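Below is one structure, written out as structure tokens; comments come after it.
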Amino acid sequence: MWAIISTNDSVLDYYALAGTRSRTPNGLWMLRLAEPATYEELSLLTTPLGRRTLLAGGRCLPLYPASGAAEVRLAVELTPDPRGEPCLPPYSQSFFLNAA
């Protein structure tokens, strides 16, 4: 993971990762990590309010349920069958991965 983006700057503190904060042209908060974070698996609590979304290789994969809350275990591997769709703002809490 090389960046986190959110509508709320306190969300960036939640992950406790070092990096540089900035604002995107459309006013979102971005934390560009000092060095990429790697995880074999990442467990997240997701809700429609936070709209956690994975952005990888120009594709967008929503991780949140239509209603309520869900725990998502995220493990990423390269496959020839891409899923998701092109990402269009707004996103609320997004994770950016280096992917081809």
Side-chain angles (χ1 to χ4, degrees):
M1 177 169 61
W2 60 268
I4 300 169
I5 195 167
S6 179
T7 57
N8 185 331
D9 67 331
S10 64
V11 167
L12 306 182
D13 295 330
Y14 172 82
Y15 295 96
L17 296 167
T20 304
R21 290 175 188 239
S22 62
R23 297 295 290 261
T24 66
N26 55 353
L28 298 173
W29 287 97
M30 177 183 238
L31 176 65
R32 186 171 301 272
L33 304 184
E35 46 181 85
T38 58
Y39 305 94
E40 289 192 26
E41 183 176 275
L42 186 59
S43 182
L44 304 167
L45 181 60
T46 64
T47 67
L49 179 63
R51 296 191 323 258
R52 288 187 173 165
T53 304
L54 173 68
L55 286 75
R59 307 297 286 176
C60 184
L61 181 61
L63 302 175
Y64 55 91
S67 64
E71 182 179 349
V72 173
R73 290 189 184 279
L74 181 63
V76 179
E77 70 180 56
L78 185 60
T79 66
D81 178 25
R83 296 182 184 210
E85 56 194 43
C87 272
L88 302 173
Y91 349 100
S92 182
Q93 295 178 32
S94 302
F95 307 96
F96 293 83
L97 302 180
N98 289 327

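Since the structure is predicted, the reported quantities are computational estimates derived from the model, not experimental observations. The first residue of the sequence shown is numbered 1, and numbering continues consecutively from there.
For E71, the side-chain contact (heavy atoms from CB on, under 4.5 Å) test picks out S43, R73, with sequence neighbours left out. Not counting sequence neighbours, T47 has no partner by the side-chain hydrogen bond (donor to acceptor under 3.5 Å, both in side chains) test. Listed by chain and number, the residues in a side-chain hydrogen bond (donor to acceptor under 3.5 Å, both in side chains) with S10 are N8 (sequence neighbours excluded). Listed by chain and residue number, R21 satisfy the salt bridge (Lys or Arg N to Asp or Glu O under 4.0 Å) test with D13 (two or more places apart in sequence, or in another chain). Taking the side-chain contact (heavy atoms from CB on, under 4.5 Å) definition, one finds that L33 meets it with M1, L17, L31, A37, sequence neighbours left out.
If you take CD1 on I5 and OG on S22, they are separated by 8.0 Å, rounding to the nearest 0.5 Å. Rounded to the nearest 0.5 angstrom, M30 CE and L12 CG are separated by 10.0 Å. If you take OG1 on T53 and OH on Y64, they are separated by 5.5 Å, rounding to the nearest 0.5 Å.
R32 forms no cation-pi arrangement with W2, by the criterion of a distance under 6.0 Å to the ring centre and an angle within 45° of the ring axis.
Within a 6.0 Å radius of CD in E41, other residues, nucleotides and ligands contribute more than 12 heavy atoms.
By the 4.5 Å heavy-atom criterion applied to side chains, W29 and T7 are not counted as neighbours.
Between the side chain of T46 and the backbone N or O of L63 there is at least one donor-acceptor pair closer than 3.5 Å.
Considering every non-hydrogen atom in both P48 and G68, the closest pair reads CD-O, 3.2 Å.
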